[in-house]
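Below you'll find the structure, written out as structure tokens, and then a few comments.
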Amino acid sequence: MAYWLVKSEPSVWSWDQQVAKGAKGEAWTGVRNHTAKLNLMKMKTGEQAFFYHSNEGKEIVGIVKVVREHYPDASDETGKFVCVDVAAFKRLKTPVTLLAVKKDKRLAEMALLKQSRLSVQPVTAAEWTIICDMGGV
DNA sequence: GCCAACGTTGGC
DNA sequence: GCCAACGTTGGC
């Protein structure tokens, strides 16, 4: 059971919009990076991912669940990239900010800090537990 | 196949 | 608005 983190600019696709889609979920499209694509292809149904707001907010606001495994991204004209469907699962009681992640030495190795431009990234079980704890879930 | 130029992401 | 990081493109 792997854990993940996906990023979105709230002005493009926000947590509230994700919640509005309910349990059926919505396609997570627009990934145009091969490292991110490989991560999408590793995701299994039922696995969880943190939902991170980049640019505005800069905080982890919720958890989504994978409801459909990778398939071709219809928004990609080249046909090379894939997407998955994710559904909102839980909102963090307290959003975990980028600043808070930076301050916690246990999270210093997170891809969020080390590879700040990667939009779909793995999270270790240890990191997952720490952030859930910080977020009150 | 190398590398400079350029574009994009995302934090500050 | 700036800039660092880094991915992509295109000339050679």
Side-chain angles (χ1 to χ4, degrees):
Chain A
M1 188 76 165
Y3 296 102
W4 309 96
L5 181 148
V6 294
K7 290 202 267 193
S8 182
E9 293 189 39
S11 61
V12 177
W13 182 253
S14 71
W15 172 252
D16 286 342
Q17 287 173 284
Q18 184 71 56
V19 169
K21 290 288 175 181
K24 267 188 76 177
E26 177 73 359
W28 192 271
T29 59
V31 168
R32 297 291 182 269
N33 167 290
H34 293 289
T35 307
K37 175 193 166 179
L38 287 175
N39 288 330
L40 284 179
M41 293 180 76
K42 288 180 197 160
M43 289 185 181
K44 301 281 183 235
T45 302
E47 287 185 343
Q48 298 175 48
F50 287 128
F51 191 110
Y52 176 78
H53 275 167
S54 62
N55 280 316
E56 297 168 52
K58 281 168 285 184
E59 57 193 12
I60 297 166
V61 290
I63 296 171
V64 292
K65 267 194 180 180
V66 178
V67 293
R68 183 178 172 189
E69 289 175 23
H70 69 91
Y71 59 99
D73 181 345
S75 73
D76 171 32
E77 290 172 7
T78 70
K80 287 182 187 169
F81 291 97
V82 301
C83 60
V84 299
D85 286 2
V86 297
F89 176 52
K90 273 184 192 171
R91 180 189 294 270
L92 266 60
K93 287 205 184 88
T94 313
V96 176
T97 64
L98 182 64
L99 194 66
V101 171
K102 283 187 169 177
K103 278 184 180 169
D104 195 310
K105 288 183 185 134
R106 297 170 298 171
L107 301 175
E109 295 301 314
M110 274 193 82
L112 187 63
L113 304 181
K114 295 231 154 178
Q115 286 163 269
S116 61
R117 286 183 51 191
L118 186 58
S119 59
V120 181
Q121 38 184 269
V123 175
T124 67
E127 290 160 354
W128 184 269
T129 304
I130 292 164
I131 291 170
C132 285
D133 194 45
M134 291 165 80
V137 296

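Residue numbers begin at 1 in each chain, while the letters A, B, ... track the order of the sequences.
- A:Leu99 has its CG atom 8 Å from the P atom of B:dC12, to the nearest Å.
- Rounded to whole angstrom, the span from the NZ atom of A:Lys103 across to the C1' atom of B:dG11 amounts to 16 Å.
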Which protein N or O atoms sit under 3.5 Å from an N or O of nucleotides 3-6 of chain C?
unit_1, atom_1, unit_2, atom_2, d
C:dA5, N3, A:Arg117, NH1, 2.9
C:dC6, O4', A:Arg117, NH1, 3.2
C:dC6, O2, A:Arg117, NH1, 2.4

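- One can place CD of A:Gln121 at 13 Å from P of C:dG7, the figure rounded to the nearest angstrom.
- Listed by chain and number, the residues in a salt bridge (Lys or Arg N to Asp or Glu O under 4.0 Å) with A:Arg106 are A:Asp104 (sequence neighbours excluded).
- Listed by first and then second residue, the salt bridge (Lys or Arg N to Asp or Glu O under 4.0 Å) pairs that reach into residues 77-89 of chain A come to none, sequence neighbours excluded.
- The salt bridge (Lys or Arg N to Asp or Glu O under 4.0 Å) contacts involving residues 91-101 of chain A comprise A:Asp16-A:Arg91, where partners must be two or more places apart or lie in separate chains.
- Within residues 31-39 of chain A, the residues having any heavy atom under 4.0 Å from DNA chain C are, by residue number, A:Asn33, A:His34.
- Taking atom CG of residue A:Leu5 and atom C1' of nucleotide B:dT9, one finds them 15 Å apart after rounding to whole Å.
- Scored by the salt bridge (Lys or Arg N to Asp or Glu O under 4.0 Å) test, A:Glu26 finds A:Lys21 as partners (sequence neighbours excluded).
- Judged as a side-chain hydrogen bond (donor to acceptor under 3.5 Å, both in side chains), the pairs with a partner in residues 110-123 of chain A (not counting sequence neighbours) are, in order, A:Glu109-A:Lys114.
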List the steps and the verdict of side-chain contact (heavy atoms from CB on, under 4.5 Å) for A:Val6 and A:Gln18.
-> CA-CA 12 Å; A:Val6 294; A:Gln18 184 71 56; over 6 Å; no
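- Separating the CG atom of A:Leu113 from the P atom of B:dG10 is a distance of 14 Å, rounded to the nearest angstrom.
- Taking only side-chain nitrogens and oxygens, A:Lys7 never comes nearer than 4.0 Å to OP1 or OP2 of B:dT9.
- For the pair A:Phe81 CZ and C:dG7 C1', the interatomic distance rounds to 10 Å; values are reported in whole Å.
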Identify all side-chain donor-acceptor contacts of residues 48-65 of chain A below 3.5 Å with residues at least two apart in sequence or on another chain.
unit_1, atom_1, unit_2, atom_2, d
A:His53, NE2, A:Trp15, N, 3.0
A:Asn55, ND2, A:Glu9, OE1, 3.3
A:Asn55, ND2, A:Glu9, OE2, 3.2

Going by atom type alone, with no hydrogens or angles, which donor-acceptor pairs under 3.5 Å involve a side-chain atom of residues 128-136 of chain A and a protein atom two or more places apart or on another chain?
unit_1, atom_1, unit_2, atom_2, d
A:Thr129, OG1, A:Ala125, O, 2.9

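- Residue A:Tyr52 places at least one side-chain N or O under 4.0 Å from the OP1 or OP2 atom of B:dG11.
- Under the 4.0 Å criterion applied to side-chain N and carboxylate O atoms, A:Arg32 and A:Asp73 are assigned as salt-bridge partners.
- Rounded to whole Å, the distance from CD on A:Glu59 to C1' on B:dG11 is 14 Å.
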